[in-house]
Amino acid sequence: MEIRRLKDLATLVSLSKRRGFVFQSSEIYGGLGSCWDYGPLGSLMKLNVKKAWWTAMTRRKDICGIDAAILMHPTVWKASGHVDGFSDPLVDCKECKTRFRADNTESYLKDKKCPNCGSKNLSEPRQFNLMFKTHMGPVEDTGSVVYLRPETAQGHFVNFMNCQTTTRYKIPFGIAAIGKSFRNEITPGNFIFRTREFEQMEMQFFVKPGSDESYFDQWKEIRQQFYVKYGFNVENLRMEPHGPTELAHYAKAAVDVQYKFPMGWSELEGIHNRSDFDLTQHAKFSGKTLEYFDEANKEKFVPYVIETAVGCDRLFLAFMCDAYREEVTKDDKGVEDVRVVLGLHPQIAPIKAAILPLSKKEELTSVAEKIREELAQEWDVQYDEAGSIGKRYRRQDEIGTPFCITVDFETANDQSVTVRHRDSMKQDRVALSQLESYIRNGLK
Ligand code: GAP
């Protein structure tokens with residue numbers, strides 16, 4: 001059997017639309033650039049992605065979670081450096097009016113040419129701030145400007161003292177959050193890889209200065225293990241350190257966890273040593289002390305921060321890319337049969353089991369419906385009675401369902417069903433009384 005991996009994003013965009021993972025936003029109006037909606041399966045899967053990350057972080061005894069507001073006091077973004085420094089160099093082509101980012105456009109970097117029409121009649125690069133601005137309240141003057149947050153991390157810094165005093169955690173400890181962020185990207189694209197509205201999963205680990213480099217290394221290893229646990233092909237992952245000129249304005253050191261997407265190696269997650277930059281800045285701008293008092297050693301210090309930051313949408317995309325495979329077999333005449341499988345980790349798969357009565361006869365559908373009701377108390381399951389059993393199996397393979405449960409004419413006699421496994425296609429006869437624990441074990 002030949003295995004074909006995902007060759008381009010277009011295949012995934014098409015599967016996503018056809019099966020209800022991701023739709024173009026406002027599609028009936030022609031769509032809104034770089035905005036996407038998660039459909040019936042996509043929204044379930046996205047919740048699973050978030051749950052995997054959230055439990056990996058907050059079930060530790062030294063990390064708490066928060067859910068901070070998107071809109072923050074505007075001075076937060078002055079203190080953080082985003083008002084002055086969160087910008088990309090923008091160039092206008094005076095011929096075809098294309099706008100593009102100067103710092104990652106090959107034709108511009110090489111020969112100062114427009115990537116669209118090749119013209120050299122271009123504007124000088126000017127800094128374009130990526131934050132979305134809006135106004136709070138009914139008066140749209142400069143005093144009412146607020147920003148849609150471009151990262152969730154600032155919510156962690158401004159709540160550092162609130163979290164430390166309420167949890168009574170001692171340093172080192174971390175704060176984790178999942179939430180929407182917004183960036184007015186000049187060149188969004190590659191499906192849900194780079195969008196203007198996206199979700200981030202960020203964790204700030206507050207440590208004693210001097211121990212930061214060791215924790216930075218520990219978090220690289222912890223994050224690598226996360227990807228291994230959820231079944232990523234390790235050859236599709238690598239860690240790329242940032243050179244001194246690539247570092248963000250707040251970072252002392254940084255690595256990108258990169259994934260080999262169909263369009264090439266690209267950042268999936270950032271791990272940063274943010275030093276004491278943010279807490280020091282917020283102390284300065286707010287006038288409040290953000291020092292930690294270490295009881296044991298009777299000393300005060302401003303903690304350093306190790307940050308892990310991954311986009312939920314980007315991780316979702318990486319899961320889809322990594323899981324997609326086509327199993328190709330040929331018959332005697334050389335005619336190909338292609339089984340499309342999303343080999344997602346069972347905890348990430350949107351649907352855990354499909355219940356398939358072999359016929360639409362009431363004696364089978366009533367049992368199948370009862371099984372559906374029972375399993376649905378615990379998991380997201382689907383009921384499907386339309387089409388041949390082979391076609392129904394294939395429909396589930398394509399959306400990554402780990403188990404198909406077939407109710408057949410023997411079920412009434414032997415009180416058992418056939419459970420078919422997505423990856424091996426192995427079939428087991430399982431007693432109805434054992435079904436729930438059988439599925440539970442298989443989902444671990
Ligand atoms: N707090 C640090 C921070 O925000 P970042 O490297 O700019 O660091 C972290 O962003 C992660 O957020 C990225 O690795 C990526 O997964 C995700 N991300 C950033 N910009 C994005 C965008 N425009 N669309 C989708 N995901 C994005």
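Just follow the structure's listing: the first ligand is 1, and inside any ligand the first atom is 1. FYI, side chains are in, hydrogens and waters are out, and symmetry mates aren't considered; it's all heavy atoms of this structure.
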*Does the Arg314 side chain pair with the main chain of Phe193, one donor and one acceptor, at a distance under 3.5 Å?*
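At least one qualifying donor-acceptor pair exists.
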
*Which residues pass the ring pair (Phe, Tyr, Trp, His ring centres under 6.0 Å) test with His272, sequence neighbours left out?*
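Only Tyr250 meet the ring pair (Phe, Tyr, Trp, His ring centres under 6.0 Å) criterion with His272.
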
Under 3.5 Å, side-chain donor or acceptor atoms of residues 251-260 against the rest of the protein: list the pairs with distances, not counting sequence neighbours.
residue: Lys252; atom: NZ; partner: Asp212; partner atom: OD2; Å: 2.8
residue: Lys252; atom: NZ; partner: Glu213; partner atom: OE2; Å: 3.3
residue: Asp256; atom: OD1; partner: His242; partner atom: NE2; Å: 2.8
residue: Asp256; atom: OD2; partner: His242; partner atom: NE2; Å: 3.2
residue: Gln258; atom: OE1; partner: Arg238; partner atom: NE; Å: 2.8
residue: Gln258; atom: OE1; partner: Arg238; partner atom: NH2; Å: 2.9
residue: Tyr259; atom: OH; partner: Asp322; partner atom: N; Å: 3.3
residue: Tyr259; atom: OH; partner: Asp322; partner atom: OD1; Å: 2.5

_Could you tell me if Arg420 sits above the aromatic ring of Tyr393, with its cationic atom closer than 6.0 Å to the ring centre and no more than 45 degrees from the axis?_
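Yes, Arg420 sits over the ring of Tyr393.
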
*Tyr38 six-ring centre to Lys46 NZ/CZ under 6.0 Å and within 45° of normal*: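 That pair qualifies as a cation-pi contact.
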
_Can you list every protein residue that has a heavy atom under 4.0 Å from any atom of ligand 1, sorted by chain and residue number?_
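Its neighbours under 4.0 Å (heavy atoms only) are Glu151, Ala153, Arg183, Glu185, Phe193, Arg194, Thr195, Phe198, Gln200, Glu202, Tyr250, Glu267, Leu268, Glu269, Gly270, His272, Arg274, Glu307, Ala309, Val310, Gly311, Arg314, given by chain and number.
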
*Set of side-chain hydrogen bond (donor to acceptor under 3.5 Å, both in side chains) partners for Asp337, sequence neighbours left out*: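 Testing Asp337 for side-chain hydrogen bond (donor to acceptor under 3.5 Å, both in side chains), a comparison that skips the adjacent residues, returns Arg394.
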
